[in-house]
Each structure stands twice: as structure tokens, then as C-alpha cells.
Peer 1: 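First the structure, which I've put down as C-alpha cells, then a few questions once you've had a look.
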Amino acid sequence: LPETLPAAAAPVEASATRGATLMWRVPAVRRAAGCCALSTCGLLTGLSVVTSWGISQLGWSQATLSLAVLVQQVGAALGFLAAGGARSAERRVEPRLVALGAGLVAGALLAVGIGAPRLPGLLWGALFAAGAGAGLSTTAAAAVVGINVARRDQGQVQAAALALGYVGAAAGCLAGPWLYSPGASAVTLRAAKPFLAGAAQAGLAAALA
């Protein structure tokens, strides 16, 4: 009988701006997505020049630096897994993971810019930590959306948060080469500008998360 059938789910309003609007209206989601985007911007400010920097400042080959970037991707994969395993229904763990991930990115970029010119082997561990931090913060920010947004709206809000992250990545890719000084000595702060700027952005993201 018709009266025994379950009620039809309310249709989800299709709108190009609905996801962004909902993301802005929920403080926890707005903060997590914004901090993740800012951390991503900081990460790409450094990573966008790390290959050129490694060749000119450390004297490494392109093949070696390609392996270093691979290490960063392995770190990101482990960060995704770690954040997924730490999910909690209490709504308190995920914001801390966003902050922890951004903090790892900030510390890693500082290690690259300040420490790697004197201890080149430090670059391997720093890139791994940067990847792990990015994986943690990205996955935790997505979990914040899942906890704080109604199920029927999660897809649109996740898309808006992802778009914001890509805006941050694009800004970082533009900022890194603009700040980079290939002719500067490796041990000077001038040569480390992309990494210091990226660390400052990621550190700010960690503080705001």
C-alpha cells in the first residue's frame, strides 16, 4: 500500500555555490578547510622549487631528487592511512589532526630551508614528514566535513573544500618560483625564502586550526 512505503528522500538542491555556502556557515568546517588550504599553499610554495633548488644548491641529480619527491608521496600515503585510523566520533580528534599535519609541514619546510644546506641527507626525512603532514591534514579536514555536515550535503561541501585546497596549491606554485633566488648561496636565508614562507603559512594554519 502507498501509505506503507518509506517517504522519499528530500531532493538535494543542485547549485554551484551551495557547497561553498554550507562550508562557510559551519565554523568547524570553515576552519578545517581554510587551514588545510593554507597549509597546502605553504607546502607547494616549497615543493614547487625543491627540484631546482636541490640541483643548484645541493648539487643533486634530477634522478636523485625524483626519488626524494617519491619519498614525499610515500609520506603522504602513510599520513592518509594514519588520519583514517585515528577518526573519532567525539569531534575533537580531527581538528587536532589538521593542526598536527600543518605543524609537520611547517617543521619539514624549516628543516629543508635551514638544515638541508648543511646536512643534505636531512632532505629525505623532511620531505617524508611534509608528505605525512599533508596527508594527515587533508584526510582530517575531510572527516570534519563528514562529522559536521548532513549526509545529503557532504558531497557538495567536500567538493567546495577540495576546490579551496586547489586554490591554495595554485597560489603556492606561483609563490615558490617568485620567491626563489637560484643565484643565492645555499646557506643564506635568501636561498631559503620559499621554504621559510611556506613554513610560515603552514605554521599559521596549525595555529588557527
Side-chain angles (χ1 to χ4, degrees), residues 28 30-54 57-58 65 68-69 71-83 86 93-144 161 164-181 186-209:
R30 180 176 68 235
R31 184 166 55 250
C35 291
C36 187
L38 183 58
S39 176
T40 301
C41 181
L43 176 66
L44 269 296
T45 298
L47 285 189
S48 61
V49 299
V50 72
T51 299
S52 177
W53 177 87
Q57 305 292 352
L58 303 183
L65 287 163
V69 174
V71 167
Q72 185 263 333
Q73 293 297 311
V74 172
L78 292 179
F80 293 141
L81 293 174
V93 173
E94 284 74 14
R96 293 173 184 173
L97 290 178
V98 174
L100 175 60
L104 279 174
V105 171
L109 291 175
L110 279 176
V112 173
I114 302 299
R118 298 168 178 81
L119 297 170
L122 188 62
L123 182 64
W124 298 93
L127 289 181
F128 179 87
L136 277 173
S137 59
T138 301
T139 307
V144 170
L164 184 61
Y166 275 108
V167 170
C173 288
L174 291 173
W178 181 71
L179 292 169
Y180 180 47
S181 301
V187 296
T188 64
L189 293 180
R190 184 182 170 205
K193 280 192 299 183
F195 306 104
L196 297 180
Q201 294 173 71
L204 179 61
L208 295 176

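We use all heavy atoms of the structure for the numbers below, so side chains are in, but hydrogens, waters and symmetry mates are not.
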Peer 1: Minimum heavy-atom separation for A82 and L136, please, with both atom names.
Peer 2: CB-CD2, 4.1 Å

Peer 1: Measuring from atom CG of L109 to atom CG of L127, what distance do you get when rounded to the nearest 0.5 angstrom?
Peer 2: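 If we round to the nearest 0.5 Å, L109:CG and L127:CG are 8.5 Å apart.
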
Peer 1: Sequence neighbours excluded, which residues qualify as side-chain contact (heavy atoms from CB on, under 4.5 Å) partners of A161?
Peer 2: M23, A33

Peer 1: side-chain contact (heavy atoms from CB on, under 4.5 Å) with A37: which residues, sequence neighbours excluded?
Peer 2: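 By the side-chain contact (heavy atoms from CB on, under 4.5 Å) rule, A37 matches L164.
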
Peer 1: Measuring from atom SG of C36 to atom CZ of R31, what distance do you get when rounded to the nearest 0.5 angstrom?
Peer 2: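 Atom-to-atom, C36:SG and R31:CZ are 14.0 Å apart.
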
Peer 1: Specify the closest pair of heavy atoms between A126 and V112, including all atoms of both residues, with the distance to one decimal.
Peer 2: CB-CG2, 3.5 Å

Peer 1: Is there a side-chain contact between L43 and T40, using heavy atoms and a 4.5 Å cut-off?
Peer 2: no

Peer 1: After noting the C-alpha distance and the side-chain angles of L58 and L65, does the key distance pass the side-chain contact (heavy atoms from CB on, under 4.5 Å) rule?
Peer 2: CA-CA 10 Å; L58 303 183; L65 287 163; 5.7 Å; no

Peer 1: Nearest 0.5 Å please: distance from the CG atom of L104 over to the OG atom of S39.
Peer 2: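 It is 9.5 Å, given to the nearest 0.5 Å.
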
Peer 1: Write out all pairs satisfying side-chain hydrogen bond (donor to acceptor under 3.5 Å, both in side chains) with one or both partners inside residues 71-80, taking only residues at least two apart or from two chains.
Peer 2: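 Every candidate side-chain hydrogen bond (donor to acceptor under 3.5 Å, both in side chains) pair involving residues 71-80 fails, so no pair, neighbours aside, qualifies.
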
Peer 1: Show me the donor-acceptor pairs, under 3.5 Å and distance only, between side chains in residues 194-209 and residues at least two apart or in other chains.
Peer 2:
unit_1: Q201; atom_1: NE2; unit_2: T45; atom_2: OG1; d: 3.4
unit_1: Q201; atom_1: NE2; unit_2: A197; atom_2: O; d: 3.3

Peer 1: Do S181 and K193 touch side chain to side chain, with heavy atoms closer than 4.5 Å?
Peer 2: yes

Peer 1: In chain order, what residues pass the ring-ring contact (aromatic ring centres under 6.0 Å, His included) check against W124, with sequence neighbours excluded?
Peer 2: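 Here the qualifying residues are W60.
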
Peer 1: Is the closest side-chain heavy-atom distance between V50 and L123 below 4.5 Å?
Peer 2: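 Of all side-chain heavy-atom pairs linking L123 with V50, at least one is under 4.5 Å.
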
Peer 1: Would you please name every residue forming a side-chain contact (heavy atoms from CB on, under 4.5 Å) with L122, sequence neighbours left out?
Peer 2: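 Testing L122 for side-chain contact (heavy atoms from CB on, under 4.5 Å), a comparison that skips the adjacent residues, returns A111, L119.
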
Peer 1: Under 3.5 Å, which donor-acceptor pairs do the side chains of residues 165-179 form with other protein atoms, sequence neighbours left out?
Peer 2:
none

Peer 1: What ring-ring contact (aromatic ring centres under 6.0 Å, His included) pairs are there with at least one residue in residues 93-123, not counting sequence neighbours?
Peer 2: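 Residue pairs with at least one partner in residues 93-123: there are none.
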
